[in-house]
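This report concerns only the one structure given below.
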Amino acid sequence: MSGVPRAGAGGRTRELQRDDLRYVWHPFTQMSEWCAEDPLVIEAGEGCELVDTEGNRYLDAVASLWANVHGHRHPRLDAALADQAGRIAHSTMLGLANVPATELARRLVEIAPPGLAKVFYAGDGASAVEIAVKMAFEYWRLRGVEGRNLFLRLGEAYHGDTIGAVSVGGIDLFHGIFGPLLFPTVKAPSPYCYRCPLGVSPESCGTACADELDRLLGEHADAIAAVIVEPVVQAAAGMITHPSGYLRRVRESCDRHGVLLIVDEVATGFGRTGRMFACTAEGVAPDLMTIGKGLTGGYLPLSAVLTTREVFDAFLGPPDSHRALYHGHTYTGNPLAAAVALANLDVFEEEDTIAALEPKIALLERRLEELVRPLAHVGDVRQSGLMVGVELVEDRESKRPFPLARQTGAQVARLAREHAVIMRPLGDVVVLMPPLAISLEDLDRLVSVTADCIARATA
Ligand code: PLP
């Protein structure tokens, strides 16, 4: 594996870099900053590595935005894609069924938490969240219950970037400018133990944040359609790992107050936390579950909402009852994506991916304890499966953050490039989220590089 000598970039690379800077607007990117540097242009991938246009290889330590599962160019997934392309790339699900989307729905229901019986497809995680929100809202209307117009969501939650998904999110930066466009919600405190929003101590609080959620539900029960949560880990908030038992308490509160539970497994699903779906660690079966990212092994945009027969049945009626769910996208249930998703599930079985994670998770935990946690500016190390967030602070005692302008997390990622590792932090939380297929050797190297870059960036 080797890093990039950008200065030596060849003519084709320079041309691509120039055209990117001239024509492309990148997501979540301050483009004035982007334009100050030559972009790295990725041309290929193999296993857990990305290959740029100069042939340099990098460890994909963010799994191409938390999506890649079995590695890039996995022969099984490549073959499924080619095979499906030889049949048909796309046909609509409005008025027609298609082979892989039908088969995939059955397979998803078979592996889903109990009670989830129906699959509604979408493209990205955010569109699945939009659908879940609409389903939950309409479900009550169709049952003749008026006034359940609110959703309860957590502080620091992230469910995607469309207007509905931002409305049920809790990241202030995204809420600021779009505030006037968002629908109102009830906010419960995030179980962010390192910086507890309730100011209590995790050792003795008895999960006070779950009590507060229950109290809020009691106060607004008749007005709330559903609670929406990221199960076990709030990823985009900085890999906030929830205390054990929290999700179970949320489920119990929903049951007590007669409110639906939407569990957003877009980031945590498909093995990320060491289980196929994170909510099963708490023995929780949601009323609605959103999935995306790893659904296609990180190959193609496909997401879905899984829900119960009870929710589904509420939408049934004669054609003139207008009880259908008025939602769909052009590429809903795209056959190419569904075929790859089926191969993704096959590989989970054939390679026993979940069982193979155990030693990786253990190694990661051990090496983080040895190399990363002792560093002077590491405030907190949070891990669930192969999801890791390392929160950097200027002062460990007071947990004082580094000044924003110092861009400490971004500096760590910049230094990691010199070691041929691609990272993307969340503010000053360094994120490790490699493909599940990563080898023990690469995982070990990733932690060493992380420790080294944190030490240098915070010196
Ligand atoms: N939900 C969760 C929990 C996520 O982490 C994300 C993305 O990171 C989304 C939804 C949105 O998914 P997408 O980026 O595919 O729209």
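Note that ligands are numbered from 1 as they come in the structure, with each ligand's atoms numbered from 1 the same way.
A salt bridge does not link E282 with R275: none of the charged nitrogens is closer than 4.0 Å to a carboxylate oxygen. A salt bridge links E49 with R57: the distance from a Lys NZ or Arg NE/NH1/NH2 to an Asp or Glu carboxylate oxygen falls below 4.0 Å.
Residue-to-ligand polar distances place A126 within reach of ligand 1: an N/O pair is separated by less than 3.5 Å. The shortest N/O to N/O separation between W66 and ligand 1 does not fall below 3.5 Å. Polar contact with ligand 1: present for D264 (N/O pair, distance under 3.5 Å). In terms of polar-atom proximity, A267 is not counted as a contact of ligand 1, lacking any N or O under 3.5 Å from an N or O of the ligand.
Formation of a donor-acceptor pair under 3.5 Å by the K399 side chain with backbone atoms of Y194 is found in this model. A donor-acceptor pair is defined here as one N or O able to donate and one able to accept, closer than 3.5 Å; no such pair exists between the side chain of Q383 and the backbone of M387. No side-chain donor-acceptor contact under 3.5 Å links T307 to the backbone of V119.
For the pair R406 and F402, the cation sits on the ring face: its NZ or CZ lies under 6.0 Å from the ring centre, inside 45° of the axis.
With respect to atom 4 (C) of ligand 1, the closest heavy atom belonging to the protein is Y158 CD2, 3.8 Å. Closest protein heavy atom to atom 13 (P) of ligand 1: G125 N, 3.4 Å. Considering only non-hydrogen protein atoms, atom 9 (C) of ligand 1 sits nearest to V266 CG1, 3.7 Å. Of the protein's heavy atoms, K293 NZ, 4.5 Å lies nearest to atom 14 (O) of ligand 1.
Look at E265 and you'll find every heavy atom at least 4.0 Å from all atoms of ligand 1.
Across E230, Q234, R249, a single residue satisfies side-chain hydrogen bond (donor to acceptor under 3.5 Å, both in side chains) together with H242, and that is Q234.
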